[in-house]
Every structure is written in C-alpha cells, then in structure tokens.
Amino acid sequence: MKKRKVLFVCIHNSARSQMAEAWLNKLCGDRFEGHSAGLEPGTLNPLAVRVMQETGIDISQNRTKSVFDLVKNGELFSYVITVCDAANAERCPVFPGLTTRLHWSFTDPSTFGGTDEEKLVACRAIRDDIKRAVTDWCATIG
C-alpha cells in the first residue's frame, strides 16, 4: 500500500508544522508520509527542538521549507493541514490534484512570553496538543 503524503503548513515552518510532521511520521508513518513547510520560512525554534527531544524525537537537523517552492515543484499531497491561525491559513496556496485541506489551530510558540521555563511549559502543551490531534486524525482516517 502506497503511503499518502501529508503536508503541514504554518507561518515559518519553525515549530508547529515541524512537530506535526514528526508526530505523523512517528505515530502512523506506516500509512502516511509527513512533510512540512511555511509561508515565510524562518529558522527552527529551539523550544520546539527541545520539547520534541524530550519525547525522543530529534528534529534538530530539519530545515525550514517554503510551501510556495513545493507548489512550484509540482509536489502532490493527499492532505494539506494548516496548523496556524485561521487568517494565515487562508494565505496557503492551492495545491494541484485531489488534495483535502484541513485546519488545526495551534498557538505560535514564538509568541510565548515569560521566563524560559514558562515558555518551555507552554511549548510542551502545544507539542502535546499536536500529538493528540495527529493521533486522533490517524485513528479517524485509518
């Protein structure tokens, strides 16, 4: 059985989409092939790298990618899931082919304030929310 390709999109491809890609590949990589990209690619968020390492998943060597480059290259995805806020999700380009678009809203870890420990706690919560969403989605899609 061929794996279905899934693209997770957020603004900078620095945290939420990277975590979602990693969770999908870990939790249901037998059925899906996870990818991620951003509307304005930046650099990996060190908080996201750290909280994923706490779960045994290393994303430290990942690079950020542009969603528009994927469109230009003619990449095809069965699912495109935006993980940013609704306003930015609307900026996501239309992909060719039979693509199902979904939106899962998660807070951007780059907006967290407070101490380093408070930021880590908030980022862990986002990590766990994304894991739960991926787990539920994989169970539903089968």
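What's counted below: heavy atoms across the whole structure, side chains too, no hydrogens, waters or symmetry copies.
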Practice task
Apply side chain to side chain contact (heavy atoms under 4.5 Å, CB included) to the pair H103 and R101, showing each step before the final yes or no.
Solution key: CA-CA 7 Å; H103 176 68; R101 284 183 62 156; over 6 Å; no
Fill in: Audit row: W23, F8, ring pair (Phe, Tyr, Trp, His ring centres under 6.0 Å) steps and yes/no
CA-CA 11 Å; W23 280 125; F8 293 97; over 10 Å; no
(Q) If you apply the rule side chain to side chain contact (heavy atoms under 4.5 Å, CB included), what do you find for T100 with F77, and how did you get there? (A) CA-CA 8 Å; T100 300; F77 296 93; over 6 Å; no
Quick one, K5 with E75, criterion side chain to side chain contact (heavy atoms under 4.5 Å, CB included). Give me CA distance, side-chain angles, the key distance, then yes/no.
CA-CA 10 Å; K5 290 174 63 174; E75 292 276 348; 2.8 Å; yes
- Query: When you look at R63 and Q18, which way does the side chain to side chain contact (heavy atoms under 4.5 Å, CB included) test go after all the steps?
  - Reply: CA-CA 9 Å; R63 63 178 186 82; Q18 293 278 350; over 6 Å; no
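With R16 contributing its side chain and I130 its backbone, the two residues share no donor-acceptor pair below 3.5 Å. Using modelled atom types, no side-chain atom of H12 and backbone atom of P41 make a donor-acceptor pair closer than 3.5 Å.
From K26, atom NZ reaches atom CE of M52 across 9.0 Å, with rounding to the nearest 0.5 Å. Rounding to the nearest 0.5 Å gives a distance of 9.0 Å between CD1 of I81 and CG of L7. Taken from CG in L44 to CG in N13, the straight-line distance is 7.5 Å, to the nearest 0.5 Å. With values rounded to the nearest 0.5 angstrom, L102 atom CG is found 7.0 Å from I141 atom CD1. We find the SG-CZ distance between C28 and R4 to be 9.5 Å, quoted to the nearest 0.5 Å. Once rounded to the nearest 0.5 Å, the distance linking OG of S36 with CD of E21 reads 3.5 Å.
Across G34 and N25, no two heavy atoms sit closer than the pair N-OD1, 2.7 Å. Heavy atoms only, all atoms of each residue included: G113 and K119 are closest at O-CG, 3.7 Å. The nearest pair of heavy atoms linking I59 to A22 is CG2-CB, 3.8 Å. Nearest approach of S14 to A48, heavy atoms of both residues: O-CB, 4.1 Å.
In D116, the CG atom is not crowded: 12 or fewer heavy atoms of neighbouring residues, nucleotides or ligands sit closer than 6.0 Å.
At least 2.5 Å separates the SG atom of C10 from that of C84.
Between M19 and V51, the closest side-chain pair of non-hydrogen atoms falls below 4.5 Å. Between E54 and R127 the shortest side-chain heavy-atom distance falls below 4.5 Å. At least one side-chain heavy atom of C138 sits under 4.5 Å from a side-chain heavy atom of L24.
Every side-chain contact (heavy atoms from CB on, under 4.5 Å) that E117 has, sequence neighbours left out, goes to T115, L120, V121, R124. Residues forming a side-chain contact (heavy atoms from CB on, under 4.5 Å) with T111 (at least two apart in sequence, or on another chain): T107, D108.
Listed by first and then second residue, the disulfide bond (SG atoms under 2.5 Å apart) pairs that reach into residues 29-74 come to none, sequence neighbours excluded.
Between F32 and Y79, the ring-plane angle classifies as perpendicular under the 30° and 60° cut-offs.
Salt-bridge formation is not detected for the pair K131/D128: no Lys NZ or Arg NE/NH1/NH2 atom is positioned less than 4.0 Å from an Asp or Glu carboxylate oxygen.
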